[in-house]
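The structure appears below as structure tokens.
Hydrogens, waters and symmetry mates play no part in the numbers below; they use all other heavy atoms, side chains included.
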Amino acid sequence: MILYTLRRLAGVIGVLIAVAAVTFLIFYVLPSDPAAAACGKSCSAARLAAIRAHMGLDEPVWRQFWDFLSGIFTGRTLGSGQYTLRCDFPCLGYSYENSEAVWDLLMNRLPVSASLALGAAVLWLALGLSAGVAAALRKNTLTDRVLMVGAVGAASLPVYFTSMMLIYGLIRVAGLFPYPNYVPFGDDPARWASNLLLPWLALALLYAAMYARQSRSSMIEAMAEPYMRTARAKGLPRRTVVIKHGLRSGMTPILTLFGMDLGGLLAGAVITESLFGLPGIGQLFYGALSSGDQPVILGVTLLAAAFIVVANLAVDLLYAVVDPRVRL
């Protein structure tokens, strides 16, 4: 298990370096010019040259990438002379918009995105797995058809449509909820949950529908395996057969899907955060895209990649615990 974990960790580090290289090339080497973007429209040639030197863009590409990559782990010094600026570890540069450190911006927004992602994940797992297992155990019955038709309908609704319907129906018309206004969990847990309930529902309905379909297929496949017939023939209770043998086997594809979905949502659900006015990483990313704030776009991209890769690592390790054949 230790050797397997080390192999997977080496793979994660390689993937993160590759993602950093590709992202860096896209934002700093291809036709876009960060110095021109930072300098503005009425910028003199001398001022543009000074900014390029300050940002290190006059260095060879390999040196720029090495400074950027090493700066993430050790910090780095930007510019020289009176324009010297120290960027502490972990350094992702400074925002063009407000000159704040990108890492600080991300960490300030992360609790909001994490609250949204984790709460929605609990809901969609509970709803999706329950519906999928219930449909699988009643295959080709009315219950199965109703649940799957509902899942297809929910999966076909874009998250922005569901969000707008919840805002219009439950906030503006029925007045059952206040418009979401994020409150940190440590300040008031009850208000934290009540303000996030509708965003959780908007995301959970979409994901729960997909998980219901996936878990139904996995459970039907697992229930047809010979060892399931053996378990039933031994006289084991139905609940034991379903939960201990069927659900455990059917969960492996669900785990893969869950790792990728949760990793992506931790880096911000752009549409949901924007529609509900939640000051998370998704909303930060949307603002950076609108203003062309490349350091922030780069920072969010790297953070999203890190979350997805680490989530997949956790899933792979969990796989190895559930099914020891994976370590071979």
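In this structure, Y286 places its OH atom where only 12 or fewer heavy-atom neighbours from other residues, nucleotides or ligands lie under 6.0 Å away. The 12-atom threshold is exceeded at CE of M165, counting heavy atoms of other residues, nucleotides or ligands nearer than 6.0 Å.
In terms of heavy-atom proximity, L275 sits nearest to S163 at CD1-CB, 3.6 Å. Between V15 and V309, the closest heavy-atom pair is CG1-CG2, 3.6 Å. Of all heavy-atom pairs between S113 and I281, the closest is OG-N, 2.8 Å. Taking every heavy atom of both residues into account, A120 and W200 meet most closely at N-CD1, 3.4 Å. Across all their heavy atoms, L206 and A155 have their closest contact at CD1-O, 3.7 Å. The two residues V183 and W192 make their nearest non-hydrogen contact at O-CD1, 3.1 Å.
The line from CG of L129 to CZ of F258 is 9.5 Å long, rounded to the nearest 0.5 Å. The line from CG of L92 to CG of L303 is 8.5 Å long, rounded to the nearest 0.5 Å. Separation of atoms CH2 (W103) and CG (D88) is listed at 13.0 Å; rounding is to 0.5 Å. Residue L289 holds its CG atom at 4.5 Å from CD1 of I297, rounded to the nearest 0.5 Å. Note that CD1 of I254 is 11.0 Å distant from CE of M210, once rounded to the nearest 0.5 Å. Taking OG of S218 as the start and OH of Y211 as the end, the distance is 11.5 Å to the nearest 0.5 Å.
In this structure, L205 is not a member of the same hydrophobic cluster as M148, with clusters built from ILVMFWY side-chain heavy atoms closer than 4.5 Å. Residues L123 and L203 share a hydrophobic cluster, clusters being chains of Ile/Leu/Val/Met/Phe/Trp/Tyr side chains in contact below 4.5 Å. Under a hydrophobic-cluster definition in which Ile, Leu, Val, Met, Phe, Trp and Tyr are linked whenever side-chain heavy atoms come within less than 4.5 Å, directly or via other members, F161 and L201 are assigned to the same cluster. The cluster map of Ile, Leu, Val, Met, Phe, Trp and Tyr, joined by side-chain heavy atoms under 4.5 Å apart, puts V146 and V152 in different clusters. Hydrophobic clustering keeps L137 apart from L127 (ILVMFWY residues linked when any side-chain heavy atoms are closer than 4.5 Å, directly or through intermediates).
Applying the salt bridge (charged side-chain N to carboxylate O under 4.0 Å, His left out) test to pairs two or more places apart or on separate chains, those with a residue in residues 196-224 are D144-R216.
Although no hydrogens or angles enter the test, the distance criterion places a donor-acceptor pair under 3.5 Å between the side chain of E273 and the main chain of Q283.
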Test log, rule side chain to side chain contact (heavy atoms under 4.5 Å, CB included), inputs Y160 and I271: CA-CA 6 Å; Y160 65 83; I271 296 175; 3.6 Å; yes
Residue pair I171, L176: steps toward the side chain to side chain contact (heavy atoms under 4.5 Å, CB included) verdict: CA-CA 6 Å; I171 296 178; L176 296 176; over 6 Å; no
Verdict with reasoning, L298 to F68, per side chain to side chain contact (heavy atoms under 4.5 Å, CB included): CA-CA 11 Å; L298 177 59; F68 171 78; 3.5 Å; yes
Side chain to side chain contact (heavy atoms under 4.5 Å, CB included) assessment of R172 paired with I167: CA-CA 7 Å; R172 294 188 179 177; I167 292 172; 4.3 Å; yes
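Residues Y94 and C87 form a side-chain contact, since some pair of their non-hydrogen atoms from C-beta on lies under 4.5 Å apart. With a 4.5 Å cut-off on side-chain heavy atoms, T74 and F89 do not count as touching. When side chains are defined from C-beta on, L106 does not count as touching L110, because their heavy atoms never get closer than 4.5 Å. Taking the side chain as every heavy atom from C-beta outward, C91 and I72 never approach each other to under 4.5 Å.
Remark: the Y179 side chain and the N195 side chain contain no N/O donor-acceptor pair separated by less than 3.5 Å.
Take F276 and apply the ring pair (Phe, Tyr, Trp, His ring centres under 6.0 Å) test, not counting sequence neighbours, and it matches no residue.
Between W124 and Y207, the two ring planes are parallel [angle under 30°; tilted spans 30° to 60°].
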